[in-house]
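By convention in this document, chain letters (A, B, ...) are assigned in the order of the sequence lines, proteins followed by strands, and residues within each chain are numbered from 1.
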Number of protein chains: 2
Amino acid sequence: MPHTTFDPHDHSACIQQALQAAQAHCAEHKLQFTKIRRRVLEILLAQHHAMGAYDILEQLAAEGQNAQPPVAYRALDFLVSNGFAHKIQQLNAYIACTHPGAEHTPAFLICRTCKGVAETCLATGNHPPAGMFGGAARDMGFRIETAVIEASGLCPACQQQDIPCA
Amino acid sequence: MPHTTFDPHDHSACIQQALQAAQAHCAEHKLQFTKIRRRVLEILLAQHHAMGAYDILEQLAAEGQNAQPPVAYRALDFLVSNGFAHKIQQLNAYIACTHPGAEHTPAFLICRTCKGVAETCLATGNHPPAGMFGGAARDMGFRIETAVIEASGLCPACQQQDIPCA
DNA sequence: CTTGATATGTTATATCATAACGTTTAATTA
DNA sequence: TAATTAAACGTTATGATATAACATATCAAG
């Protein structure tokens, strides 16, 4: 039984695992897992919701660290570049990666009501260069390098409340 | 042989067809296809590239119509709501729909070099509520309503130049 | 321990988007 | 067709997201 955003799970273990994975990856690749990079990752990990850069700055400010926008964006760039976090394009917001370590094209399920975000694995054969575009890309000779895949809808809990689509 | 962004094709026919489809759809659904909405769609149709709202305003200004941002955003909202245009989330930019009329979840192929954007059909079984997420969504009880699917890479023409990935 | 590379602090500004309100145009109906 | 209501537009102001540029500090390699 996997634990995801929309299942109850041991969240502090979830956080610890992600931090350790990041630390290990940085050690192995000679990347500097600096204080602020670590702190921003911790802030993202605290909840399974996407956060804007300015939300992170606010959180830092609440902790006494009055940082300017580039501080947040630089930390986020580092985390995203190295696969520790992802940007949710349709929200202009960021979320900690829940598949640390593995090379992957992330795909997200975003609840429009509670704003929870789950990162999922794609079906076999749907990894971007392969299926998914049904050969349409291959047929026209397009070479896919990266993909943004973000689904929105209702998580199990929010479906109980039958909120109409808009 | 379908014509797409990355194939040579009769582009003025392409434009005419889209405009007529929009006009017909508006007539049928009692929507007002006003001058400015039509003009914005024409601007989007002129090229198979995504354009920012401010690019559109610039184009309008060049034509003597000195409009403010809400003018562009309102027209874009109308076009997107009614399926005549789409927003490319990863570019914060807009593009005319090339599958007018049909209900669809658009998927895009974006060339990182020439900035061309093609709208494609997904493989059968990949329409969002169905496959693609490999049952992951179903398994966790998530109800998908909409999806953002945007692939980036190199179009056939730009592959000739072997531009490295970043 | 010096040198070069990387990271951080800070100011300023660019880019994308919307709220709010008054005016105009279009659609509805008495 | 005139009165009434709804929709669209023009305009000002501002909010939200993101980056350029440069000075300072810290780290890492020779």
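The other residues sharing a hydrophobic cluster with Val148(A) are Val148(B), where clustering joins ILVMFWY side chains under 4.5 Å apart.
Rounded to an integer number of Å, the gap from CZ of Arg37(B) to P of dA7(D) is 11 Å. For Ile36(B) and dA8(D), the CD1 to C1' distance is 10 Å, given to the nearest whole Å. As rounded to whole Å, 18 Å separates atom C1' of dA27(C) from atom NE2 of His29(B). Between the CD1 atom of Ile88(B) and the P atom of dC16(C) there is a distance of 14 Å, given to the nearest Å. When the P atom of dT8(C) is taken as reference, atom CG of Leu57(A) falls 14 Å away, rounded to whole Å. Residue Leu60(A) contributes atom CG, which lies 12 Å from atom P of dT8(C) at whole-angstrom precision. The distance from atom CE of Met51(B) to atom P of dC16(C) is 12 Å, rounded to the nearest whole Å. Between Asn66(B) atom CG and dT11(D) atom P there is a gap of 9 Å when expressed in whole angstrom units.
Axis angle across the helix from dC1(C)-dG30(D) to dA30(C)-dT1(D), with five pairs used at each end and values rounded to 10°: 40°.
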Can you build the contact string for nucleotides 13-30 of chain D? Use B for base contact, S for sugar-phosphate-only contact, and - for no protein heavy atom under 4.0 Å.
----BBBBB-----S---
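In this structure, the ring of Phe84(B) has its center less than 6.0 angstrom from the ring center of His25(B).
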Let me see the working for His86(B) and His104(B) under side chain to side chain donor-acceptor pair (under 3.5 Å), right down to the final yes or no.
CA-CA 11 Å; His86(B) 302 293; His104(B) 60 291; 3.3 Å; yes
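Between Thr34(A) and dT8(C) there is a side-chain N or O to OP1 or OP2 distance below 4.0 Å.
Lys115(B) places a side-chain N or O within donor-acceptor distance of the main-chain N or O of Arg112(B), the cut-off being under 3.5 Å.
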Could you write out each protein N or O paired with an N or O of nucleotides 3-5 of chain C at a distance under 3.5 Å?
none

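Applying the ring pair (Phe, Tyr, Trp, His ring centres under 6.0 Å) rule to pairs touching residues 34-61 of chain B yields His9(B)-His48(B), His11(B)-His48(B), sequence neighbours excluded. Residue pairs meeting the salt bridge (charged side-chain N to carboxylate O under 4.0 Å, His left out) criterion with at least one member in residues 39-59 of chain B, sequence neighbours excluded, are Arg38(B)-Glu42(B), Arg39(B)-Glu42(B), Arg39(B)-Glu63(B).
Side-chain polar atoms of Gln90(B) and Glu150(B) form a donor-acceptor pair below 3.5 angstrom.
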